[in-house]
Amino acid sequence: MHSNSDDLTPQQHWLQERLSSALARFDDRTPLIYRKPIEIEQGATDWIGGWGATSLFLAGPIGVGKTHTAWQTCRRWLEAAYAPGGNWQGSPVIKTYRSTTLFDALIAEFDSGQRTLVDELQRADLVFIDDLAAAKPSAWTQERLYEIFDERYINRRPVIVTCDVLPNALSDVTGPRVASRLAEMCRGSVLLMDGDDRRKQVAA
Ligand SMILES: Nc1ncnc2c1ncn2[C@@H]1O[C@H](COP(=O)(O)OP(=O)(O)OP(=O)(O)O)[C@@H](O)[C@H]1O
Ligand SMILES: [Mg+2]
């Protein structure tokens, strides 16, 4: 890490500018409480180091820090994408959705006769879906989820999912085809977060 920007070559300087503006844009759309830097679990750091070769599944009970970890993992993944010596081409696109908002948006978009959202979520470099088992989508929405996950699965594009159940218990929510793909996508990167509800600590 350079302490003085005068030491940087023009190319390093340009990369640093790109990184700063990408991080500023990401921070702008990060919910306020999840902007706070936290120490993330080793499994999440390892996942970033593996360059998103698999997907990442953060599971655990209420309030252990799944969503905060996921936002900060996305941010560090973005940071890694712009690291000097990296071979990332272009600007990485990260799409982030709470599951219930996503399900509503898919239906609203269908009603308006468009289909951009499915395409965007198929192609984004990284997709983060928060609280995947929060609500059971309709059979129609499960089909859209299948289109999204299958395209990402066959192209090895990573997803970060937070959830209060494990991938093998997701079938009822997402439908069996999405659950099966997700189980393979996240193999080796299922992070079980344990502990007390941190919100109780905050309130104490
Ligand atoms: N590593 C951490 N250090 C400090 N505070 C944290 C950490 N992780 C999470 N928190 C804080 O703990 C609270 C709960 O975190 P978070 O919302 O991520 O939990 P969650 O597991 O997603 O909960 P839920 O299952 O209800 O969605 C938040 O206030 C969050 O900012
Ligand atoms: Mg959460």
Side-chain angles (χ1 to χ4, degrees), residues 22-50 52 54-80 93-107 117 120-121 124-138 141-142 144-145 148-149 152 158-175 178-179 181-183 185-204:
L23 289 178
R25 284 196 305 274
F26 187 76
D27 289 343
D28 268 354
R29 65 187 173 96
T30 302
L32 195 58
I33 66 167
Y34 300 132
R35 287 182 200 169
K36 186 176 137 192
I38 52 165
E39 273 196 31
I40 58 173
E41 305 223 353
Q42 188 59 44
T45 309
D46 292 345
W47 177 84
I48 297 166
T54 57
S55 290
L56 177 66
F57 198 97
L58 301 171
I62 291 176
V64 289
K66 303 177 295 295
T67 304
H68 204 143
T69 300
W71 276 102
Q72 289 295 315
T73 302
C74 287
R75 192 180 192 278
R76 284 174 215 187
W77 181 90
L78 186 61
E79 218 167 351
V93 174
I94 306 181
K95 295 278 168 192
T96 57
Y97 267 98
R98 189 186 285 126
S99 65
T100 43
T101 312
L102 172 62
F103 302 160
D104 290 347
L106 287 166
I107 293 166
L117 189 53
E120 280 176 3
L121 289 168
D125 298 297
L126 177 62
V127 168
F128 158 36
I129 302 178
D130 191 32
D131 224 351
L132 185 55
K136 182 171 174 170
S138 66
T141 307
Q142 285 183 346
R144 303 291 82 68
L145 280 183
I148 294 164
F149 275 89
R152 300 193 69 80
V159 177
I160 297 182
V161 164
T162 71
C163 201
D164 57 0
V165 297
L166 288 170
N168 60 12
L170 265 180
S171 211
D172 273 354
V173 177
T174 60
V178 169
R181 282 160 180 75
L182 200 50
M185 290 161 84
C186 299
R187 191 161 297 140
S189 302
V190 177
L191 195 55
L192 289 176
M193 298 184 65
D194 211 354
D196 295 329
D197 181 347
R198 287 179 178 272
R199 297 192 187 100
K200 289 185 182 153
Q201 298 165 19
V202 172

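Whatever order the structure lists ligands and atoms in, that order sets their numbers, starting from 1.
- Here the side chain of Thr69 pairs a donor or acceptor atom with the backbone of Gly65 at under 3.5 angstrom.
- Heavy atoms of Gly63 come nearer than 4.0 angstrom to ligand 1 in at least one pair.
- Between the side chain of Ser55 and the backbone N or O of Ile160, no donor-acceptor pair lies under 3.5 Å.
- No donor-acceptor pair closer than 3.5 Å links the side chain of Arg152 to the backbone N or O of Val159.
- With Trp47 contributing its side chain and Thr54 its backbone, the two residues share a donor-acceptor pair below 3.5 Å.
- With hydrogens and angles disregarded, no donor-acceptor distance shorter than 3.5 Å links the side chain of Asp196 to the backbone of Arg198.
- At a 4.0 Å cut-off, at least one heavy atom of Ile62 sits close enough to ligand 1 to count as contact.
- Legend: residues meeting salt bridge (charged side-chain N to carboxylate O under 4.0 Å, His left out) with Glu120, ordered by chain and number and at least two apart, are Lys95.
- Although no hydrogens or angles enter the test, the distance criterion places a donor-acceptor pair under 3.5 Å between the side chain of Asp125 and the main chain of Val93.
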*May I have the step-by-step check of salt bridge (Lys or Arg N to Asp or Glu O under 4.0 Å) for Arg75 and Asp27, ending in yes or no?*
CA-CA 8 Å; Arg75 192 180 192 278; Asp27 289 343; 2.8 Å; yes
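- Remark: distances from the non-hydrogen atoms of Trp71 to ligand 1 are all 4.0 Å or more.
- Between the side chains of Asp130 and Thr67, at least one donor N or O sits under 3.5 Å from an acceptor N or O.
- Counting heavy atoms only, Gly65 comes closest to atom 16 (P) of ligand 1 of the residues Ala134, Pro61, Gly65.
- Looking at ligand 1, you won't find any N or O of Asp131 less than 3.5 Å from one of its N or O atoms.
- Residue Lys36 has no N or O atom closer than 3.5 Å to an N or O atom of ligand 1.
- Within 6.0 Å of CD1 on Ile38 lie more than 12 heavy atoms contributed by other residues, nucleotides or ligands.
- Residue Arg198 holds the heavy atom nearest to atom 7 (C) of ligand 1 of all those in Arg198, Met193, Gln72, Lys200.
- Taking 2.8 Å as the limit, the number of protein N, O or S atoms around the Mg ion (ligand 2) is 1.
- Side-chain atoms of Gln72 come within 3.5 Å of backbone N or O of Tyr34 as a donor-acceptor pair.
- For ligand 1, one of its N or O atoms has an N or O atom of Arg199 under 3.5 Å away.
- Within the 4.0 Å heavy-atom criterion, the part of Ile38 lying near ligand 1 is the side chain and not the backbone.
- Within the 4.0 Å heavy-atom cutoff, Asp164 does not count among the residues contacting ligand 1.
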